[in-house]
Amino acid sequence: MKKPEILVAFLGLVLFACQSEKNDFGSEISSDASQILKGKTLFEQQCSTCHNFNEDAIGPNLSGLTRQVETQWIRDFIKNPGAAIDAKDPRAVELLAKYKTQMPGFPALSDQDIDALLSYMHTFETLPIPISGDTTSNLIPEKIQDSGIRLELELFAQLPASDTVPPLAKMTKMEPIPGTPRLFINDQRIGLYEIENQKPVLFLNLKEKRPAMVSKPGWATGVGSFAFHPDFETNGLFYTSHTEPGGTAPSDFGYTDSLSVFMQWVLTEWKAEDPKAKVFKGTDREILRIDNASQAHGMQELTFNPYAKKGDADFGLLYIGYGDGGTAEKRFAAISNHQGKGIYSSILRIDPAGTDGKNGKYGIPKINPFAGKPGLAGEVVAYGFRNPNRVFWDDQGNLHATDIGQHSIEEINRIEPGKFYGWPVREGTFVINPFGSFRSLYPLPADDAKFGVTYPLIQLEHDETVAVIGGYMVSEGPLKGKFVFGDIPSGRLFFADLTEKSPVVKTWGVRFGGNEVSMKTLVNHDRVDLKFGMDAESNLYLMSKTEGKIFRIK
């Protein structure tokens, strides 16, 4: 992981940096991504009726086969299994006795085809961990305990409906302008509101200013996030991210033509003529435009380091959480390794006032771990995330991110510059094969350290939460000093002490009108679509897109 050529090979993918490796019998097996994908296609066409990598079927489970059996034997058997049986080959005879039928030969497969099949088969090192039913409750035996803490809520504000069916309003974030009591919230379909006397007042109609903006399909599309510059009162600068259809304009970052562009995420800088104005009037400029392969996992977070002061190296630098764009499931991460571009699946940090970035509209901070290194993405702080939807700092100034998992594990990561956090070859402390099923997890290999993966500070399985969302550090009350977070669909509420080496997660609950209620009951819907907010006085808010309601903790 310390070699630059390995880092170039992923900035999004780590496992398949080498072009070939030897199996336990000394045979060369290519680990080139395009070769593996060719083998995957051949396997699905020719072999999947009788074989898989999870269990015995008509024929044997093939997981780990290339690490147990000499490669030349496998080659010969694929082409002509009957010859091996006629020659009384012990393994061939044993297979016939067990499965009661002789495998057909595949003489039409070329040597190159068989090489590709072996490359694909070689990605399945071991048997997957058994998963029962629709949950993964056997992965982490310890279950989350309830703290007994119940906090009283009051209805604080109601966003106007921007649709006729739930979610009635699509807020994702509510925060103040730094150093002021002015409180802002977004509706992904509209733009930014300021909350005045507990009433929303439209500050920026982004839909009007960007007619190409779309907020469907997808829970996260539209105005994804916003952030006010820490010196907004002086310079009037703030930033938004939003989605537009694929191909709306030339992008700054993209991928191969083989994968269609479904959407583009756009980062915009806005400059208010009068920072104290109640309705935005001023200028704007596009900073970044990034191609996305799906409606998912794009530019979900914009934020500034709240602990950085003027004169600090980190002051005024914009952090961006950008997911894999859905590319991992489309096998793009395995195909291209992002060609050294590396901004996908990353936490980025840029200087909006700089000009040495890719398109000349932003700068690469010199404090970034890969700044100035040829072939590496200087924007990247850390990488290997599926969907880093919230980026935040604890009370000690440590950087963290919540990361929504695929099928099994949710993560909260402590972020260290230059580190790789596993996706798409790890989910939590488990292995995922990006060329196989994303629903299958495998144990870590004995030589796991060589892959250089940094593992989560907290991991939760999907019987506890299926889409983690942060969250803020609480400064008062029973949860003082704790980080609160939750589950987006169910509204289940959690907290943890991030100063602990292995933080213990517990649940907490709410009361409304003096009665204990679930978030689902509170919002009259089975999907809560939970979000959190915080004001200038560090009051904590719970928000639900379902009815567009904002609740404040008393």
When the ring planes of Phe226 and Phe228 are compared, do they come out parallel, tilted or perpendicular, using 30° and 60° as the limits?
-> perpendicular

Centres of the Phe551 and Phe512 rings: under 6.0 Å?
-> yes

Quick check, are the ring centers of Phe232 and Phe304 under 6.0 angstrom apart?
-> no

Considering only NZ, NE, NH1 and NH2 on the basic side and carboxylate oxygens on the acidic side, decide whether Lys310 and Asp231 come within less than 4.0 Å.
-> yes

Counting only N and O atoms by type, is there a donor-acceptor contact under 3.5 Å from the side chain of Ser544 to the main-chain atoms of Val528?
-> yes

Counting only N and O atoms by type, is there a donor-acceptor contact under 3.5 Å from the side chain of Ser225 to the main-chain atoms of Leu302?
-> yes

Check ion pair Lys361-Asp252 (N to O, under 4.0 angstrom) | no

Tell me, do Ile195 and Pro200 make a side-chain contact under 4.5 Å, heavy atoms counted?
-> yes

One should read off an interatomic distance between Leu192 CG and Met171 CE, to the nearest 0.5 angstrom, of 13.0 Å

Please confirm whether the backbone N or O of Leu530 pairs with a side-chain atom of Asp487, one donor and one acceptor, at under 3.5 Å?
-> no

List the steps, then state whether salt bridge (charged side-chain N to carboxylate O under 4.0 Å, His left out) holds for Arg492 with Glu464.
-> CA-CA 9 Å; Arg492 196 177 184 203; Glu464 302 280 11; 2.6 Å; yes

Whether Tyr421 and Phe385 hold their rings parallel, tilted or perpendicular, with breakpoints at 30° and 60° = parallel

Side-chain (Asn186) to main-chain (Lys173) donor-acceptor, under 3.5 angstrom = yes

Is the backbone of Gly548 close enough, under 3.5 Å, to the side chain of Gln158 for a donor and an acceptor to pair up by distance?
-> yes

Side-chain donor/acceptor of Asp351 to backbone N/O of Ala353, under 3.5 Å | yes

Please report the C-alpha distance between Phe203 and Phe238 in whole Å, then the side-chain angles of each, then the deciding distance to 0.1 Å, and finally whether the ring pair (Phe, Tyr, Trp, His ring centres under 6.0 Å) criterion is met.
-> CA-CA 12 Å; Phe203 172 75; Phe238 65 99; 5.7 Å; yes

Separation of Glu301 CD from Ser241 OG (nearest 0.5 Å) = 9.0 Å

Are Lys170 and Asp529 within salt-bridge range, i.e. N to O under 4.0 Å?
-> no

Rounded to the nearest 0.5 Å, what's the gap from CG on Leu267 to CD1 on Ile320? Could you check?
-> 5.0 Å

Heavy-atom side-chain proximity of Val517 to Leu153 below 4.5 angstrom = no

Taking C-beta and beyond as the side chain, do Met213 and Val223 meet within less than 4.5 Å on heavy atoms?
-> yes

For the pair Tyr319 and Trp393, name the ring-plane relationship: parallel under 30°, tilted 30 to 60°, perpendicular over 60°.
-> perpendicular

In Å and rounded to the nearest 0.5 Å, what is the CG to CD distance from Leu183 to Glu175?
-> 9.0 Å

Do Leu498 and Asn398 come within less than 4.5 Å of each other through their side chains, counting heavy atoms only?
-> no

Determine the sole option in Glu194, Glu233, Glu196 for which the salt bridge (charged side-chain N to carboxylate O under 4.0 Å, His left out) test with Arg182 is passed.
-> Glu194

Are Asp163 and Arg189 ion-paired here, with the side-chain N under 4.0 Å from a carboxylate O?
-> yes

Is a side-chain N or O of Glu411 found less than 3.5 angstrom from the main chain of Ile404, in a donor-acceptor match?
-> no

Do the ring centers of Tyr344 and Trp265 come within less than 6.0 Å of each other?
-> no

Heavy-atom count around Glu537 CD within 6.0 Å, excluding the residue itself: above 12?
-> no

Flag, side chain of Glu427 to backbone of Ser408, donor-acceptor distance under 3.5 Å | yes

How many angstroms lie between atom OG of Ser475 and atom CG of Asp395, to the nearest 0.5 angstrom?
-> 8.5 Å

Can any side-chain N or O of Arg285 pair as donor or acceptor with the backbone N or O of Glu269 at less than 3.5 Å?
-> no

ring-ring contact (aromatic ring centres under 6.0 Å, His included) partner of Phe483, chosen from Phe532, Phe495, Tyr472, Phe392 = Phe392

Under 4.5 Å between any side-chain heavy atoms of Lys358 and Ile343, yes or no?
-> no

Just wondering, are more than 12 heavy atoms of other shown residues or ligands nearer than 6.0 Å to NZ in Lys271?
-> yes

Tested for side-chain contact (heavy atoms from CB on, under 4.5 Å) against Ile350, the lone hit among Asn368, Leu317, Ile287 is Ile287

Give, for atom CG of Asp535 and atom CD1 of Ile185, the distance between the pair rounded to the nearest 0.5 Å.
-> 12.0 Å

Report yes if the side chains of Lys549 and Val523 come closer than 4.5 Å at any heavy-atom pair, otherwise no.
-> no

Do Asp497 and Pro503 touch side chain to side chain, with heavy atoms closer than 4.5 Å?
-> no

Would a line drawn from the ring center of Trp270 to the ring center of Phe280 be shorter than 6.0 Å?
-> yes

Does NZ in Lys278 sit with more than 12 non-hydrogen atoms of other residues, nucleotides or ligands closer than 6.0 Å?
-> yes

Passing candidate, ring-ring contact (aromatic ring centres under 6.0 Å, His included) with Phe420, options Phe370, Tyr383, Tyr455 = Tyr383

Heavy-atom donor-acceptor pair, Lys520 side chain to Asn524 backbone, under 3.5 Å = no

